Amino acid sequence: MARPTVLFLLCSSLLFAVTCALELNGKISWNDVCPDYKQLGRARVVLDDGDLSGSVVKDGSFSISNVSVGTHVLSVLAHDHWFDQLRIDVIDKTTIEVRPYVVGTPLNPPSQVLLAYPITVEAKGKYNYFVPPESFNLMGMLGSPMMLIMILGGAMVLGLPYLMKNMDPEALAELKDQQAKMSQMQNAMTSGDFRGLSALMAAPEDNRQNQPATQSPSTGKAQGGKGRSNKHKKH
Amino acid sequence: HPPQVGLLAEPHHLGTYIAFGNETNGSPDFFVLTNGHTVNHIVNGKVKWSWTSEDKGSLVTYSNLITTSQSIYVIGLAKSFASYTLHVTTLSPVTGEVISTSHIPSSISNGLTDFIVLDQAASRPHIVWVENNNLQFLELSPTLQKKPSFPKDKLFTKISDVGLGTRGLFVALKEDGTGHIMAINSGFMESIKEFESSAHSESATESLYAGGLDKNETPYVARVYWSHALRLVSVELYAPYHGGGQGLLSGFSFAFDTYQHGVVSHVTFDAANPQPYQVIGRIAITTSTGSIQLWQQDTRQWTREEGLADINAVQFVELPEKLADKSERSEGSFGRFERQLRDAKDFPKYLMRFVKRFATGAYESVTSPASAHAATTGIPSRDTFGFRQLIVAATTHGKVYGIDSSNGKIIWSRILGLGSKAEDGAKIVPIEKKLFVVKTVGDVDGNAEVSGPGVPEVVLVGKRGATTGNLLYHFNALTGEDVMSSKKSSNLRLLQGTEVADSVIDAYCLNAEDKGKVVVVLDSEMKVHLYPDTTTSRALFSSYISSFAVPIRLSDATQGQYRVVGHQITASTGLSKKPEFSAYPTWTLSLPEGEDIQSIVPSTGGPVASIGKVLGNRTTLYKYLNQRMFILLTEPHSRSSVVASSASSSNHKTVCGLYLVDSLKGSIVYKTKLPVSSTGSCDVKAVLTENWLVYHYYDDEYRGTGQAKGYRIVSVELYEGKQPDDKIRSSDMTSYSDKNLDITAYAQSFVYLHGVTAIATTSTKFGITSKDIIVANTNNKIQSLSRRLLNPRRPIGRKPTTEEIEEQLVQYDPLLPDDPRRVISHRYVVANTRQIITSPALLESTSLVFAYGLDLFLTRVAPSSTFDVLNENFNKMQLVLTVSGLAVAILITKPMVHRKRLKEKWYQ
């Protein structure tokens, strides 16, 4: 009983104090993110909109004086680190409740978790302001799918003649035939002859009729190929 | 003691003093005087004893402490009629008991500047003061029994503390201004040295005195003055204990540039004595323009322009393109051949550079630092993308700077001249934000081929500090040269202005597209002054008269508060047959009871690229584009807030108001009420661009459900009509149309983590790029907030539909993420930013951002990323390698194919 009366006397004796206010104490505990004061730099701990604030001193402790009774939101302003906000309920001179507070959520109802007083906060992360630029690297470039296709294409161009040499003559003839058809189609496309193109595409019967005509030069070529392969065998 | 019993004092150091105790046995030991009436003895961080004077500072305000082994002297001034009386109390250093206290019969008129405490270690402390133009001094003893005495020479009228009180030295001035170094020796005060010819004279300014020490802690006294005849700052150094005890006087002068830095306002120095009879002085001065300089003898070591912390008007100015040398145009064919031959020797180097550039793609890129290719000499020129601009900034110290935006160097600086009604000590304070670019690079006189690109020109409206009168300065933005006076000789001198009105209320810049720009100045009698005042500018102005409507904040004498009154201009033919213009009120805004106008924020102009927003379902929301809108911020009226706080039990709640008002008609387009901060003031920051309003405030309310204390950013978009596809053509509709207020506002509020000291939007050349909001927050960072996140039409509590995804809308989240990658000041600490301005670069995608306040910070931002230049990540190396690889492949395979063909033919 004696204590409150003394406090009351003290409070009423203060000429300039409108409300009976108290001092809020706390400490920043160093962790891996922020190991010491040098890393933290100059930092401030503010209540609500920054009317009341305290600076963080070298050992990490801070104190905010003149805090009135009520609910406050405490945040740490550090340039390179971010901290969680806390909800501080000053109920009377002696009772201070500290709760975690998630920004963007309603203050009421309060969280059930009670933290210890004096306040202990620790850095949750370090701001990373930069995005690393994409650097040139040969392996990455060669590993990209576009590049792989190109390399494969190049290998095919170089390796195809050898592949063809070792191919079966009939299969080769078929391939040649197909190729000729393709080139025909391509010619029609480039010359803008859509009729011919549609004729090629739409009428397989016609194609079959034409086949002997187209086949005769291709067979000749195939024979040539055979002759060459024969020569190759002779060697 | 707790801060709440602290006393506010002016100056702030009044009534506080710290003296170090004698008993320094390893632990800190202080005697601390606070509040002008309490002395605490603090040992090892704990209060050992405390003494408070009986009257608690109501009569005597103590200001100094002297500690000796026997006693502590607490010296202060007591108020009496028309003057002050010295009062000394002695305390015991051990217990803090009062040994004695006494009024010293004295009358001091000027308070603290008229008495000095001399505290020599060797002898007893003395107090020296000036009483009725006479010097008196008193030796202090613990019992305070001594009587004041006078020096032999009774002609001293002023004293000047040179900070050598611990050496027993000070400077006293005679009535004619002659300075003497004084000391007290064995109970007598005497002059050790008279500064010769230091009396008031026409040839030199008043002297400044300063004290300093050298490495061996020997005292020196300096006298610094500006000599009109030599046009130099002269320094005389006197060392009382050098020169074999006779005293040693040495002097030097240095070439202080008074047209650049004004006048010397404060001096401090230290000295060195490398040889007997030689003294070297190192002197630090601060000037009236806010710069700090260090001089060693007659060479300047460095200069810092600290005045730049007080910028109050600033503009970006585009630079002209670099031109070929003038000589190149006028040379003959032979001369050209010769020059080309001369240049030809650089060809191999050029080739090398070309190949290198071709291979690596080291072209101008958006991320290359602009400072890299800044020209070292001459008039600065534009870079490829227009990132290099000139910042013209005017400070409250009456100086204008031209700053290169690429590297922050000051290219030129000029002091604003006082004009014809010059008075001593007066200075020009530029009116806040009244700096206009009246001519840009694009504005060319006559034929562009002949005259080259236009020289940008700037007009500044300044107010003469002490007396009335306003001046208008018109100068070249590239060099700071005066445009009005054609005399080239005046280049080095002060910038001369022309007098405009006696009391300027407001000034505007009328931008008539290609016909030129006119500065319009409105004085308190509602008369309009034009600059330049020519027939063409008058004709131009009269053609714009009907659309010229300005809101003016007027103080209402009867109510004791401000009103906003809309004004329009009328023309009348005066006596001299010249059309005269004057403003007449058209509307007055009536605000709710208890609201007072805090400020008017004009809309951020700029080109509008699209008049509507096409939604995902192919309907269009037409933007409400009213060029005449401005933001009006209100705060609780000072008188009513007092009433409200005294009757806090009543339901009457004070609010801050935010209104969007049409300046022609005075109709309120949009309004909202915001909570008042805990201190009863309103700290709302708002910005308006096109149809988009963004404001920031602190919400103190937390008791209701779903409420939380915190900063809010609210984004409001105004669209025409009631629903999409409604169209009222607001951009070219008259204010008097009744359809004008047929609008829909989409608003959404977001939680922001920090307080905001300045807010602005980015601005680009054609307005196609989406606009970002740039804020300077209380965590000393400049951050950009994306338009996408601030879109008020973000869907709430559900996934966006495909139509909304097409509009790039993301689900609403109350918290604006504190993304460090959007902190454009990244690791720099940018403190106390007052204002942010933005300027378009030549690239449409990019905007320059300049934040000023205590620190200056400039960067460039690309809100929609740099879409108009090749991506920085574009791998030119890859392209070159691929192409060259193909070329090599062709080279290798060509002979192979050729051989094969040949073989085929041969064997067929």
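Chain identifiers are assigned alphabetically (A, B, ...) following the order of the sequence lines, protein sequences preceding nucleic acid strands; residue numbering begins at 1 within each chain. On a predicted model such as this, the values are computed, not experimentally measured, just so you know.
Applying side-chain contact (heavy atoms from CB on, under 4.5 Å) to Tyr129(A) and the options Lys781(B), Arg821(B), Arg822(B) leaves one that passes, Lys781(B).
Summarising the local packing, CG of Asp32(A) is surrounded by 12 or fewer heavy atoms from other residues, nucleotides or ligands at distances under 6.0 Å.
Residue Tyr127(A) comes nearest to Asp818(B) through the heavy atom pair OH-OD2, 3.0 Å, listed as atom of the first residue, atom of the second, then distance. Contact record, Met150(A) with Thr882(B): CE-CG2, 2.9 Å, taken as the closest heavy-atom pair. Summarising the geometry of Asn780(B) relative to His79(A), their closest heavy-atom pair is O-NE2, 3.5 Å, with the distance given to 0.1 Å.
In this structure, the portion of Thr893(B) lying under 4.5 Å from any heavy atom of chain A is its side chain and not its backbone. Neither the backbone nor the side chain of Tyr697(B) has a heavy atom closer than 4.5 Å to any heavy atom of chain A.
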Open item on the list: Show, in sequence, the C-alpha distance, side-chain angles and deciding distance for Lys709(B) and His72(A), and conclude whether the side-chain contact (heavy atoms from CB on, under 4.5 Å) test is met.
Closed with: CA-CA 8 Å; Lys709(B) 279 182 167 189; His72(A) 306 279; 4.0 Å; yes

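In this structure, Asn779(B) contributes its side chain and Ala78(A) its backbone to a donor-acceptor pair below 3.5 Å.
Residues forming a disulfide (SG to SG under 2.5 Å) with Cys34(A) (at least two apart in sequence, or on another chain): none. With sequence neighbours excluded, the residues that form a side-chain contact (heavy atoms from CB on, under 4.5 Å) with Ile796(B) are Gln748(B), Tyr812(B).
Ranked by heavy-atom pairs under 4.5 Å with chain B, the list Asp51(A), Val103(A), Val73(A), Asp48(A) is led by Asp48(A).
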